[in-house]
> 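Before we start, here is the structure in question, set down as structure tokens.
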Amino acid sequence: MGVNASSYAPDEGVRLSELACEILDLFRSQHRRPGARMRLVEVVDARLHGSDPAVAAAVSELTGAAYLRAPDADTIELTARGFDAVQRGDYRASD
């Protein structure tokens with residue numbers, strides 16, 4: 001799915017793109033603690049369905065929603081708010 005497909009985080013009122021949800025899924029499956037960090041190369045190499053610019057846009061979306069922070073140009077870090085969303089698993093729309 002592309003960046004334009006969206007999901008809804010019901011308790012936050014935040015609409016997230018499918019790619020942004022896939023990035024949170026990656027944190028959920030591999031890095032289940034607040035402050036967990038990943039290099040952007042890991043995100044792209046995780047075979048997410050997106051190009052580098054699409055991943056950058058999804059990361060920007062997640063930092064804007066305060067789920068991630070970017071301590072430098074190559075790293076993303078799960079915030080406490082992002083950790084809570086990942087733990088609950090409620091960042092995706094319920095069908």
Side-chain angles (χ1 to χ4, degrees):
M1 293 194 164
V3 172
N4 293 330
S6 44
S7 296
Y8 180 70
D11 66 328
E12 302 296 335
V14 176
R15 291 187 68 76
L16 297 175
S17 68
E18 182 63 26
L19 189 54
C21 289
E22 289 178 23
I23 291 170
L24 291 178
D25 288 343
L26 190 59
F27 270 103
R28 183 180 177 122
S29 68
Q30 296 182 7
H31 303 283
R32 296 188 69 150
R33 62 190 187 340
R37 288 185 174 195
M38 275 195 288
R39 292 183 43 129
L40 288 176
V41 170
E42 293 176 66
V43 174
V44 174
D45 286 347
R47 302 194 195 315
L48 294 177
H49 301 205
S51 63
D52 290 342
V55 170
V59 166
S60 177
E61 179 182 351
L62 290 167
T63 57
Y67 288 143
L68 298 179
R69 70 179 206 90
D72 60 52
D74 296 326
T75 308
I76 54 177
E77 180 180 295
L78 192 61
T79 64
R81 181 178 181 174
F83 174 75
D84 290 343
V86 165
Q87 287 295 101
R88 290 187 312 262
D90 63 359
Y91 50 87
R92 287 190 174 274
S94 50
D95 297 326

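All residue numbers in this chain count up from 1 along the given sequence. Side chains are part of it too, since the values below use all heavy atoms of this structure and drop only hydrogens, waters and symmetry mates. No experiment lies behind these values; they were computed from the predicted model shown.
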> To the nearest 0.5 Å, how far apart are CZ in Arg28 and SG in Cys21?
11.5 Å
> Taking salt bridge (charged side-chain N to carboxylate O under 4.0 Å, His left out) as the test, write out the residues that go with Asp84, two or more places apart.
none
> Could you tell me the separation between the OG atom of Ser60 and the CG atom of Leu68, rounded to the nearest 0.5 Å?
10.5 Å
> Quick check against the 3.5 Å criterion: does Glu61 have a side-chain atom that pairs as donor or acceptor with the backbone of Ser17?
yes
> Can you give me the closest heavy-atom contact between Asp74 and Asp72, atom names plus distance?
N-OD1, 2.8 Å
> Closest heavy-atom contact between Ala58 and Leu19?
CB-CG, 3.9 Å
> Can Asp25 and Arg92 be said to form a side-chain contact (heavy atoms from CB on, under 4.5 Å), step by step?
CA-CA 10 Å; Asp25 288 343; Arg92 287 190 174 274; 2.5 Å; yes
> Please check if the side chain of Thr79 supplies one atom and the backbone of Tyr67 the other of a donor-acceptor pair under 3.5 Å.
yes
> Which distance, rounded to the nearest 0.5 Å, do you find between the CD1 of Ile23 and the CG of Leu78?
11.5 Å
> If you measure from CE on Met38 to OG1 on Thr75, what distance do you get to the nearest 0.5 Å?
10.5 Å
> Starting at OH of Tyr91, measure out to CG of Leu16 and round the result to the nearest 0.5 Å.
9.5 Å
> Drop me the distance from Phe27's CZ to Glu22's CD, to the nearest 0.5 angstrom.
14.0 Å
